[in-house]
Amino acid sequence: KQEVTQIPAALSVPEGENLVLNCSFTDSAIYNLQWFRQDPGKGLTSLLLIQSSQREQTSGRLNASLDKSSGRSTLYIAASQPGDSATYLCAVTSGTYKYIFGTGTRLKVLA
Amino acid sequence: EPEVTQTPSHQVTQMGQEVILRCVPISNHLYFYWYRQILGQKVEFLVSFYNNEISEKSEIFDDQFSVERPDGSNFTLKIRSTKLEDSAMYFCASLPELLTGELFFGEGSRLTVL
């Protein structure tokens, strides 16, 4: 049974800092991994999708990497801003119909 | 930009009442999902729907739950007799294709059962 864990659970950093969020999964036979952002009381906004044949994806200040063999993905946020404050979720799919979500990392960027 | 829309944004109901949550997925998407998130907990898969039938469901999705695509655009989740523990945020999501597609979520419907 696939399980997804995210570390740390919460993170507080000063503005401008570069940071790394971690996601690990127990079954390495995944098809896709997707990173989402969730603001309080809101829906999930897709940030980056990494397909199984890819090792990383970039969008603006965000870079996500995937190492299937070790069951890990990282989300790198460069030059963090207060507007980046949110919960970041990773989710994986193993070729079945569902995505399994991690527990999330709650990020606070201090001005 | 196309988006998944959900109604209502918030519904308050009495225990034992039936609730229908509605979703309009992105128009060219083929796979539809309901997820739920109890306050402070992780996002949990409920059910996936493809080609007008359930393709997969979780243990949470018992006989009290049902899904329907009554027309070409709407996708509904019905809870027949709500319990206190059904209080959660319910998210609809859609996917254009299974193996390479990006999952898009709606803003959610907050259900409060009293």
Side-chain angles (χ1 to χ4, degrees), chain A residues 1-10 21 23-27 29-54 57-59 62 64 66 68 86-106, chain B residues 1-7 9-10 21 23 25-26 29-51 53-61 67 88-110 112:
Chain A
K1 181 186 169 186
Q2 178 74 273
E3 291 188 9
V4 182
T5 305
Q6 291 185 245
I7 294 173
L21 308 181
C23 170
S24 61
F25 42 94
T26 53
D27 182 353
I30 65 166
Y31 275 92
N32 295 333
L33 184 145
Q34 200 165 341
W35 282 94
F36 295 87
R37 167 187 173 135
Q38 185 177 30
D39 292 290
K42 298 289 188 181
L44 284 69
T45 300
S46 176
L47 297 173
L48 290 164
L49 167 69
I50 310 180
Q51 296 169 0
S52 60
S53 58
Q54 299 171 328
Q57 283 287 341
T58 298
S59 176
L62 304 179
L66 173 63
K68 281 177 58 176
T87 297
Y88 291 81
L89 301 167
C90 70
V92 300
T93 181
S94 304
T96 65
Y97 291 91
K98 63 187 178 190
Y99 274 76
I100 304 295
F101 279 81
T103 45
T105 294
R106 195 167 57 253
Chain B
E1 185 174 317
E3 58 181 18
V4 177
T5 56
Q6 290 186 242
T7 55
S9 57
H10 189 192
L21 305 178
C23 169
I26 295 173
H29 285 194
L30 301 177
Y31 300 85
F32 313 115
Y33 298 82
W34 285 100
Y35 282 82
R36 81 171 184 190
Q37 186 177 34
I38 295 171
L39 188 63
Q41 298 187 23
K42 64 196 295 184
V43 176
E44 301 175 290
F45 169 78
L46 291 178
V47 66
S48 60
F49 194 84
Y50 169 70
N51 203 24
E53 60 182 26
I54 290 174
S55 46
E56 191 168 356
K57 60 184 181 179
S58 71
E59 311 81 49
I60 303 167
F61 194 88
V67 289
M89 190 77 126
Y90 288 81
F91 293 108
C92 175
S94 68
L95 189 65
E97 51 190 14
L98 189 61
L99 298 182
T100 59
E102 187 174 358
L103 192 62
F104 288 88
F105 278 79
E107 286 291 302
S109 293
R110 179 169 298 286
T112 303

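To find a chain, count down the sequence lines: A is the first, B the second, and so on, and within it residues start at 1.
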Where B/Leu30 and B/Phe32 come nearest, the two heavy atoms and their spacing
O-CE1, 3.8 Å

Checking B/Ser109 now: which residues fulfil side-chain contact (heavy atoms from CB on, under 4.5 Å) with it, not counting sequence neighbours?
B/Gln6, B/Pro8, B/Leu21

From B/Arg36 CZ over to B/Tyr90 OH, what is the distance, rounded to the nearest 0.5 angstrom?
5.0 Å

Quick one: CH2 on A/Trp35 to OG on A/Ser46, what's the gap to the nearest 0.5 Å?
12.5 Å

Between B/Gln37 and chain A, which part of the residue has a heavy atom less than 4.5 Å away: side chain, backbone, both or neither?
side chain

If you count heavy-atom pairs within less than 4.5 Å of chain A, which of B/Arg110, B/Lys42, B/Met89 leads?
B/Lys42

So which of B/Tyr50, B/Phe104, B/Tyr35 has the biggest tally of heavy-atom pairs under 4.5 Å with chain A?
B/Tyr35

Tell me, for A/Leu48 versus chain B, whether the close heavy atoms (under 4.5 Å) come from the side chain, the backbone, both or neither.
neither

Take B/Glu44 and B/Ile60, measure what side-chain contact (heavy atoms from CB on, under 4.5 Å) needs, and give me the verdict at the end.
CA-CA 9 Å; B/Glu44 301 175 290; B/Ile60 303 167; 3.7 Å; yes

Leading residue by heavy atom contact count with chain B [cutoff under 4.5 Å; candidates A/Lys42, A/Gln34, A/Gln38]
A/Gln34

